[in-house]
Amino acid sequence: MNTAKATGGASEGAVRPLSGFHSLTAPDYDLDSTLSCGQAFRWHWIAESQAWIGVVGEQCVRLQTRLDRIEVESAPAAEDWAWLRRYLQTDLHIDSVLRSFPDDAPMRAAVSACRGLRLLRQDPWECLASFILSSTKQIVQIRRIIALLCERYGKSITVPAGWMPAHTFPSAARLAEVSETDLRQCKMGFRAKYLRGSALRVAKGDCELTGLGELPTDLARVELMRLPGVGRKVADCVLLFAYGRLEAFPMDVWMIRGLGQLYFPRRQVSLDRLRRFADTHFGPQGGFAQQYLFHYLRMEAKVPKL
DNA sequence: TACCAGGAGAGCG
DNA sequence: CGCTCTCATGGT
C-alpha cells in the first residue's frame with residue numbers, strides 16, 4: 001500500500017527525498033475539470049507527463065488519471081491516504097448529485113461539458129484566505145498571488161528531483177505576523193489589509209474555523225462574514241469548497257451574467273431576485289450545480305486552461 | 001487607451 | 001435600504 005521508494009538523482013551525500021505511491025478508485029471522476037474549474041488555485045498541469053502537481057496540506061502530490069483510477073505520487077511518503085480521498089472526494093457517487101439537478105437545457109449543457117467534476121474538501125483557512133484574495137482578480141492572477149504568498153511564507157516541502165519547488169500554504173498565525181507592506185509585495189493590492197485582518201482574528205481564536213463545521217450553514221456564514229474582506233460571495237465559496245455545504249451558491253460576476261443570459265434572456269433581474277431563483281431552482285445541492293455552470297460558462301468563453 | 005477581473009466596505013440620499 | 005465610488009494590479 002505505502003510503497004515508498006527513493007527518487008531523485010544520484011547526488012552527493014544529501015538525504016534522498018522519499019515519495020510514496022498509491023492508486024485511488026475514482027469512477028466517473030473528471031480530474032481535469034475538478035482541478036482547473038477555479039475552486040482551488042494551486043494545481044499545475046504538467047503537459048510532458050500528463051499529470052497534475054499540487055499541494056494538499058503538508059504533502060506535495062502528483063496525480064494522473066488512468067481509466068477509472070487516479071494514480072498518486074506524494075512527497076513525503078504517506079502512511080494512509082484517507083486525507084487525499086477526503087480532499088478529492090473520490091468516494092462520492094456523482095450520479096445522485098447529477099440527478100438532483102433541474103432538467104433544463106442550460107443544466108444539461110453544463111453537465112455534459114464536465115460530467116465527473118467534484119467539489120473538493122479544502123482546508124478552511126487556505127480556502128478562506130484564497131477567496132479573500134480573489135476579489136476583482138482574474139483566476140490567473142489569483143494563482144500568481146497565492147504562489148508568491150506560499151513561496152515566501154509557506155514551509156518548504158522536500159520533493160523528488162525534477163519536481164518544482166513546493167511550499168505549504170502559510171498558516172493564519174504565520175501571516176498574522178507579516179506586515180501589510182510585505183503582503184503587498186505579493187501583488188495583492190488592497191486585499192493585503194483584509195488578509196492580514198482576517199489572519200489576525202483567526203490566529204487569535206476570534207474566529208474558530210474548526211468550530212464552524214458544527215454550526216448550521218446560516219450561522220456559519222454570519223460568522224465568516226464578520227471577518228474583514230469576507231462578504232456573502234467569499235463566505236459562500238468557503239462554505240461550499242471547505243465545509244461541504246452543498247446548498248451554498250456563490251454569486252459572482254460569471255453567475256450573475258450567466259444565469260441572466262441562460263434563464264432570463266430578455267429581462268434585467270436584480271441580484272436579490274437571482275439569488276432567490278438559484279435557491280429554489282437548483283435545489284439542496286445547488287452549490288454543485290453552480291460549479292458545473294461556472295465551469296461550463298468559462299469553457300464556453302474559451303478561458304485558457306491552466 | 002479603456003475596460004475588466006470568482007467583491008467588499010464605506011459613504012451617500 | 002439601494003446606489004455609487006474606491007480600493008491595487010495586471011491582462012486583453
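Order of the sequence lines sets the chain letters (A, B, ...), proteins ahead of strands, with each chain counted from 1.
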Between the protein and nucleotides 2-6 of chain C, which nitrogen or oxygen pairs come in under 3.5 angstrom?
none

Let's see if you get this right: which residues in [range] place a heavy atom under 4.0 Å from DNA chain C?
{"range": "residues 107-135 of chain A", "result": "none"}
{"range": "residues 185-204 of chain A", "result": "Lys187(A), Gly189(A), Phe190(A), Arg191(A)"}
{"range": "residues 256-289 of chain A", "result": "none"}

Quiz item: Contact class for Phe241(A) vs. all strands (heavy atom < 4.0 Å): base, sugar-phosphate, or nothing?
Solution: base
Exercise. Report which part of the nucleic acid Leu227(A) touches: base, sugar-phosphate, or nothing (heavy-atom distance under 4.0 Å, all strands).
Key: sugar-phosphate
In whole Å, measure the gap between the [atom1] atoms of [N] and [M] for me.
{"N": "dT1(B)", "M": "dG10(C)", "atom1": "C1'", "result": "15 Å"}
{"N": "dG11(C)", "M": "dA8(B)", "atom1": "P", "result": "23 Å"}
{"N": "dC4(B)", "M": "dT6(C)", "atom1": "P", "result": "15 Å"}
{"N": "dC5(C)", "M": "dC3(B)", "atom1": "P", "result": "14 Å"}

Self-check item: Results of ring pair (Phe, Tyr, Trp, His ring centres under 6.0 Å) for Phe190(A) - residues two or more places apart only
Solution: none
Quiz item: What ring pair (Phe, Tyr, Trp, His ring centres under 6.0 Å) pairs are there with at least one residue in residues 127-148 of chain A, not counting sequence neighbours?
Solution: Phe41(A)-Phe131(A), Phe131(A)-Phe241(A)
Practice problem: Provide the full list of ring pair (Phe, Tyr, Trp, His ring centres under 6.0 Å) pairs with a residue in residues 86-105 of chain A, sequence neighbours left out, each pair given once. | Solution: Phe101(A)-Tyr292(A)
Exercise. Assess whether ring pair (Phe, Tyr, Trp, His ring centres under 6.0 Å) is satisfied between Phe277(A) and Phe264(A), documenting all intermediate values.
Key: CA-CA 11 Å; Phe277(A) 166 76; Phe264(A) 306 96; 4.9 Å; yes
Self-check item: Residue whose closest nucleotide on DNA chain B lies nearer the 5' end, Met255(A) versus Gly229(A)
Solution: Met255(A)
Quiz item: Between Gln141(A) and Pro228(A), which is nearer to the 5' end of DNA chain B once each is assigned its nearest nucleotide?
Solution: Gln141(A)
Quiz item: Can you tell me if Arg85(A) and Thr90(A) form a side-chain donor-acceptor pair at under 3.5 Å?
Solution: no
Quiz item: With a cut-off of 6.0 Å (strictly less than), are more than 12 heavy atoms of other residues, nucleotides or ligands near CD of Gln50(A)?
Solution: yes
Quiz item: Under the salt bridge (Lys or Arg N to Asp or Glu O under 4.0 Å) rule, what pairs show up with a residue in residues 255-271 of chain A, not counting sequence neighbours?
Solution: none
Exercise. Return each pair, listed once, that meets salt bridge (Lys or Arg N to Asp or Glu O under 4.0 Å) where at least one residue sits in residues 102-117 of chain A; pairs must be two or more places apart or across chains.
Key: Asp103(A)-Arg108(A)
Self-check item: Distance, rounded to the nearest Å, where Leu148(A) contributes CG and dA8(C) contributes P
Solution: 18 Å
Practice problem: Using chain A heavy atoms and a threshold of under 4.0 Å, write down where along DNA chain B the contacts begin and end, 5' to 3'. | Solution: dA5(B) to dG9(B)
Quiz item: How many angstroms lie between CD in Gln39(A) and CD in Gln291(A), if you round to the nearest 0.5 Å?
Solution: 5.5 Å
Self-check item: Parallel, tilted or perpendicular: ring planes of Trp52(A) versus Trp45(A), cut at 30 and 60 degrees
Solution: tilted
Can I get a per-line list of side-chain donor-acceptor pairs under 3.5 Å for residues 159-176 of chain A, giving both atom names and the distance, sequence neighbours left out?
unit_1, atom_1, unit_2, atom_2, d
Thr168(A), OG1, Lys155(A), N, 2.9
Ser171(A), OG, Arg174(A), N, 3.1
Arg174(A), NH1, Glu177(A), OE2, 2.8

Self-check item: Phe294(A)/Phe288(A) under ring pair (Phe, Tyr, Trp, His ring centres under 6.0 Å): CA gap, chis, key distance, verdict
Solution: CA-CA 10 Å; Phe294(A) 179 81; Phe288(A) 242 112; over 10 Å; no
Quiz item: Hey, does the side chain of Arg144(A) come within less than 4.0 Å of dT9(C)'s phosphate (OP1/OP2), counting only N and O?
Solution: no
Quiz item: Among pairs that include at least one residue of residues 218-246 of chain A, which meet side chain to side chain donor-acceptor pair (under 3.5 Å), considering only residues two or more places apart or in two chains?
Solution: Thr217(A)-Arg245(A), Asp218(A)-Arg221(A), Arg221(A)-Asp236(A), Glu223(A)-Arg226(A), Arg232(A)-Asp236(A)
